[in-house]
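To start, the structure under review is shown below, and the notes come after it.
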Amino acid sequence: MALCAALLLSGCTGNGNGTPTGGSEPTGTAPASAGGQGGHATGAAAAPAVLKRLDLQLDIPWAAVFLPNGTAVISERETALLKAVKDDHATTIGRVPGVSPAGEGGLLGLALSPAFAADGYLYLYYTSPQDNRIARTKLTEKPGGSLAFGDPEIVFTGIPKATTHNGGRIRFGPDGYLYVGTGDSQRREQPQDPNALGGKILRITTDGKPAPGNPFGNAVYSLGHRNVQGLAWDSEGRLWASEFGPDVNDELNLILPGGNYGWPAVTGAPHRKEYLDAKVVWPSTADSSPSGLEIAGSTAYLGALRGQRLWTVALSGEDAGAPVSHFTGEYGRIRDVIRTPEGGFWLLSNNQNPDFVLILAPPA
């Protein structure tokens, strides 16, 4: 609690002993597989078994997507390279032009167009010399099966950049719109300003326009975020997001349109009516610093950077149980968690010099 006072935040949560907690008060109990609205999840699925490790000689991989033919495409933050992985072997597709890596910026999130089979578009979030921006490029298959991409088309600009807090996760939602996690870029006036792009989750069309029905009439979907790097939907279409805290209170949030999640005024779950509480709070960022997020069944899977582990969280309706730690310290920093076409997971390591992919079996 002394850490919270030192930060001069008006809200600080946890259970007092540094153990991560679910952010909602229990209203009953439900097994991890429960999907109803009334229970509070109390456990999480066991960690999937490790199938193999792919030593692909990667350099800070940040995101990955799977093409319909099973080939994976990976972004590397600092090299600005796109790499393809097929049959456990990595090849370089090419370097994305216009990327300006520095600190936490560079080539970051990837997302496939919902109409990829028809349009071939891969969407990219990257740091340019001026800002963070989103572009799309057509992926094509050359004779022999290798991939190539065309000149990127810029579709969205103006997301503030800095050496830290660049956000970067992009993902198409069930509604066909692109959701974008941005960071505050150390500009603390931005997260509470509904007309600023920093410290937000954005919702845009495939052409980069504000999506219809957005709560503020612009691209902003939710506000009051510090640095969002994980986005995923549960089986009922609810959006969840992982978010870095400062020195305290990493978060897993249930995202509502127009919701204000409190940064920089508060973190965690302070129970203040003007802000939405996090559903899960990690009081110590040394235990988590959550980046990539995936949801399978009624369980959320979060990759932890500083925490160097995989966290699982049982979800039950709008409730979340206490997180459970797996692989602590075994595989280093985990940047992203990606669902595979077979139903398992890829974990992307970071800062292992070189980095690798850990393949997990589908959950039991």
Side-chain angles (χ1 to χ4, degrees), residues 9 11-14 20-25 37 40-41 44 109 165 167-171 173-174 179-184 190-192 194 198-203 214-215 220-246 248-285 287-295 298-305 307 311-323 336-337:
L9 296 172
C12 185
T13 57
T21 61
S24 304
E25 293 298 325
Q37 296 286 339
H40 179 80
H165 302 186
R169 195 66 61 192
I170 57 176
R171 198 162 191 183
Y179 290 73
V180 182
T182 76
D184 68 3
Q190 291 231 346
Q192 290 297 315
K200 304 295 191 301
I201 293 175
L202 310 177
R203 178 173 173 262
N214 281 358
V220 173
Y221 188 72
S222 63
L223 70 164
H225 299 289
R226 183 172 180 269
N227 196 19
V228 173
Q229 288 193 5
L231 299 168
W233 286 261
D234 64 22
S235 59
E236 298 300 318
R238 290 176 287 253
L239 173 60
W240 297 76
S242 58
E243 181 170 344
F244 290 88
V248 295
N249 294 348
D250 288 328
E251 300 173 355
L252 176 64
N253 287 301
L254 175 64
I255 303 301
L256 302 179
N260 188 335
Y261 293 82
W263 179 255
V266 299
T267 63
H271 307 304
R272 286 180 50 174
K273 63 181 180 180
E274 63 266 45
Y275 305 119
L276 292 173
D277 285 344
K279 295 297 184 177
V280 176
V281 179
W282 287 266
S284 171
T285 57
D287 293 330
S288 190
S289 298
S291 185
L293 171 66
E294 187 62 273
I295 297 176
S298 56
T299 302
Y301 298 79
L302 300 94
L305 291 168
W311 287 101
T312 56
V313 178
L315 306 178
S316 180
E318 297 184 355
D319 282 341
D336 200 9
V337 182

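Hydrogens, waters and symmetry mates are skipped; everything else that's a heavy atom, side chains included, is used.
With hydrogens and angles disregarded, a donor-acceptor distance shorter than 3.5 Å links the side chain of Ser242 to the backbone of Ser291. Panel note: side chain Ser222, backbone Gly259; no donor-acceptor pair is recorded below 3.5 Å. The backbone N or O of Gln190 lies less than 3.5 Å from a partner atom in the side chain of Lys200, making a donor-acceptor pair. Counting only distance, with no hydrogens or angles, the side chain of Glu236 and the backbone of Gly317 share no donor-acceptor pair below 3.5 Å. Counting only distance, with no hydrogens or angles, the side chain of Glu251 and the backbone of Gly268 share a donor-acceptor pair below 3.5 Å. Of the possible donor and acceptor atoms, one in the side chain of Arg171 sits under 3.5 Å from a partner among the backbone N and O of Leu231. At distances below 3.5 Å, not a single donor-acceptor pair connects side-chain atoms of Asn249 with backbone N or O atoms of Val281. A donor-acceptor pair under 3.5 Å links the side-chain atoms of Asn214 to the main chain of Arg203, judged by distance alone.
Trp311 places a side-chain heavy atom less than 4.5 Å from the side chain of Asp287. Contact annotation: the side chain of Tyr179 never approaches that of Ile255 to less than 4.5 Å [non-hydrogen atoms, C-beta and beyond]. Proximity of Trp240 to Leu315: side-chain heavy atoms (C-beta onward) are separated by under 4.5 Å at one or more points. Side-chain contact between Val228 and Asn253: absent, with no pair of heavy atoms (C-beta onward) separated by less than 4.5 Å. Between Thr267 and Val248 the shortest side-chain heavy-atom distance falls below 4.5 Å. In this structure, Leu305 and Phe244 have side chains that are in contact, with non-hydrogen atoms separated by less than 4.5 Å. Between Asp250 and Ser289, some side-chain heavy-atom pair lies under the 4.5 Å cut-off. In this structure, Pro323 and Trp282 have side chains that are in contact, with non-hydrogen atoms separated by less than 4.5 Å.
Nearest heavy atom pair, residue Val280 against residue Gly321, reads CG2-O, 3.8 Å. The nearest pair of heavy atoms linking Ala269 to Ala278 is CB-O, 3.8 Å. Counting all heavy atoms, side chain and backbone alike, Pro215 lies closest to Pro257 at CG-C, 4.0 Å. Annotation for Val313 and Ala320: closest pair CG1-CB, 3.9 Å, computed over non-hydrogen atoms. Taking both residues in full, the closest heavy atoms of Gly292 and Asp336 are given as CA-OD1, 3.3 Å, listed atom of the first, atom of the second, then distance. In terms of heavy-atom proximity, Gly303 sits nearest to Val337 at N-CG2, 3.4 Å.
Rounding to the nearest 0.5 Å gives a distance of 12.0 Å between NE2 of His165 and OG1 of Thr182. The distance from the CG atom of Leu293 to the CG atom of Leu252 is 6.5 Å, given to the nearest 0.5 Å. Taking CG of Leu223 as the reference point, atom CG of Leu276 lies at 9.5 Å (rounded to 0.5 Å).
Judged as a salt bridge (charged side-chain N to carboxylate O under 4.0 Å, His left out), and not counting sequence neighbours, Asp184 has no contacts.
Ring geometry, His225 versus Tyr261: the interplanar angle falls under 30°, so the pair is classed parallel (tilted spans 30 to 60°).
Salt-bridge check for Arg272 with Glu274: passed, with a basic side-chain N closer than 4.0 Å to an acidic carboxylate O.
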Are Leu202 and Val220 close enough, and set up right, to give a side chain to side chain contact (heavy atoms under 4.5 Å, CB included), and what steps lead you there?
CA-CA 5 Å; Leu202 310 177; Val220 173; 4.0 Å; yes

